2 protein chains.
Amino acid sequence: MSEAKSVESRPYHHGDLRRALVDAARRLLESEGPSALSLRAVAREAGVSPAAPYHHFKDKAELLDAVAHEGWEMLHQAMDTAKSAAEGAHKLSALGIAYVCFARENPALYRVMYDAARDKEALPIEMHDGKDDSAYCMVRDTMVELGSDPAQAVDLELATIAAWCAGHGLAEMAGFKQFDQLKAELGGEKPFLEAVFNHLGLFPSLNRD
Amino acid sequence: MSEAKSVESRPYHHGDLRRALVDAARRLLESEGPSALSLRAVAREAGVSPAAPYHHFKDKAELLDAVAHEGWEMLHQAMDTAKSAAEGAHKLSALGIAYVCFARENPALYRVMYDAARDKEALPIEMHDGKDDSAYCMVRDTMVELGSDPAQAVDLELATIAAWCAGHGLAEMAGFKQFDQLKAELGGEKPFLEAVFNHLGLFPSLNRD
DNA sequence: CAAGACATCTGTACGGCGCTTAGATATGAA
DNA sequence: TTCATATCTAAGCGCCGTACAGATGTCTTG
């Protein structure tokens, strides 16, 4: 009874269904794509009845929110890693590249993430220790580290917005067939992405060196 | 029999149902939003049975394609008008503003347009007289008019892509709540959009004056 | 003008969907 | 042990996209 079956907190009589449902959703998302992600299919994949998820999520959107949330965490981590690996003025473009690469490597997940954002009309803001720890905030912080004046709050915010919008746009369109030839000429997708970012003049420090 | 009932080409016995369906879809899109746009609802709005649309469209996606197509035409026209109204170096940012404003004023339509593009993994290319007459092409042409070297084909294309991606990203995110305060500080949405575009350094001619 | 070919539309049906409700079952606290 | 409560199942509602058979109107051809 009191013995822990697997890791921690197995609150009730079926295991941790909430966790299992999110995992099942991510599995389906990868294997079948976003259009196959029905609540019933997720329940099926998790081996429970179609009504079971409603004890853990108010509705389908709330389940997708949970999936999206994990996506944002993954994106944040990917950007964090890329920033650490880059040097000085390259940190900012490294963030952009990491952002777009994440979206391109996880297209279905990225779509769920932004569908949720569009519905809520807001990017997710993740607070840790009372501080905004979102990926968006990370871009702004990096701009300051690279020389943007934090006292010029409006300019700083506008530059961050411009950068984020460009990243999102590129993330959604990098796979479009129109660009196939250009990608081939430039030697693949990653060089293509870097080249596009180099044509964005929003990073003064980028243009300088 | 040979008398024209309304304008031209009334091919058959119910009128021009294809036209009526697209109109009904656009009406529903405006009044109820994209989530209410079911094939059955469109048929209902047009006053026909749920199966009738299948004689004019292969499936729901094809109907939405037709709606999206009209959206792209409207966007193209809005951009064309804006370009004509602007002077010299301002033509490019005028295009960007017009693009984002169109998306913001027709959010549901814009969503249908890009959902279709994402599914096809391609922007629509509209040919007239054998020439690419798409809105995307219009941006590239404008860059050339403003001094970009058409011989540097790769650079020109990259700059166009960067500009388009930034426009799309901003179009999707301009309504996010995170930006409400900033928009208020800047005196509304349009000044906000202009400010973001000014922070995109992709337009050398923009930065110059 | 008659007759058949054809395009167009309706009626009906199928399976899947999101979600609700009622009832079964297991868990944890008194 | 009892009982409230959390969790899950079974069944069902109305909606969806789509298919198909048949009715109805239009056009062509003789």
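All chains are named by letter (A, B, ...) in the order of the sequence lines, taking the proteins before the strands, and each is independently numbered beginning at 1. Just so it is clear, the structure is predicted and the values come from calculations on it, not from any experiment. In what follows, every heavy atom counts, from backbone to side chain, and hydrogens, waters and symmetry copies are set aside.
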*Applying ring-ring contact (aromatic ring centres under 6.0 Å, His included), name anything that partners B:Y136, two or more places apart in sequence or on another chain.*
B:W164
Write down the protein N/O and nucleotide N/O pairs, taken from nucleotides 16-19 of chain D, whose separation is under 3.5 Å; answer none if there are no such pairs.
from   : atom 1 : to    : atom 2 : distance (Å)
D:dC16 : OP1    : B:S38 : OG     : 2.9
D:dC16 : OP2    : B:R44 : NH2    : 2.5
D:dG17 : OP1    : B:L39 : N      : 2.8
D:dG17 : OP1    : B:K60 : NZ     : 3.1
D:dG17 : OP2    : B:L39 : N      : 2.9
D:dG17 : OP2    : B:R40 : N      : 3.0
D:dG17 : N7     : B:R40 : NH1    : 2.4
D:dG17 : O6     : B:R40 : NH1    : 2.7
D:dT18 : OP2    : B:Y54 : OH     : 3.0
D:dT18 : OP2    : B:K60 : N      : 3.0
D:dT18 : O5'    : B:Y54 : OH     : 3.1
D:dT18 : O4     : B:R40 : NH1    : 3.2

N/O donor-acceptor pairs under 3.5 Å from side chains in residues 36-46 of chain A, not counting sequence neighbours:
from  : atom 1 : to    : atom 2 : distance (Å)
A:S38 : OG     : A:A41 : N      : 3.0
A:E45 : OE2    : A:R27 : NH1    : 2.5

_Quick check for you: among D:dT9, D:dC8, C:dC9, whose closest atom lies nearest to any side-chain atom of A:S49?_
D:dT9
Taking side-chain hydrogen bond (donor to acceptor under 3.5 Å, both in side chains) as the test, write out the residues that go with [X], two or more places apart.
X      : answer
A:H55  : none
B:D23  : B:R19
B:D141 : none

*Restricting to pairs with a member in residues 50-62 of chain B, which pass salt bridge (charged side-chain N to carboxylate O under 4.0 Å, His left out), not counting sequence neighbours?*
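Found none.
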*salt bridge (charged side-chain N to carboxylate O under 4.0 Å, His left out): which pairs involve residues 94-111 of chain B, sequence neighbours left out?*
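For residues 94-111 of chain B, and leaving out neighbouring residues, the salt bridge (charged side-chain N to carboxylate O under 4.0 Å, His left out) pairs sorted by first residue read A:D119-B:R111, B:R104-B:E189.
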*Mind calculating the distance between CG (B:D16) and P (D:dT26) to the nearest angstrom?*
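The distance from CG of B:D16 to P of D:dT26 comes to 15 Å, rounded to the nearest Å.
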*Figure out the NE2/P separation between A:H55 and C:dT27, and round it to whole Å.*
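To the nearest whole Å, that distance equals 16 Å.
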*asked:* Angle between ring planes, A:Y99 versus A:Y110, binned at 30° and 60°: parallel, tilted or perpendicular?
replied: perpendicular
*For A:H56 and D:dA6, is the shortest distance between a side-chain N/O and OP1 or OP2 below 4.0 Å?*
no
*Angle, rounded to 10°, between the helical axes spanning five pairs at each terminus of the helix from C:dC1-D:dG30 to C:dA30-D:dT1?*
0°
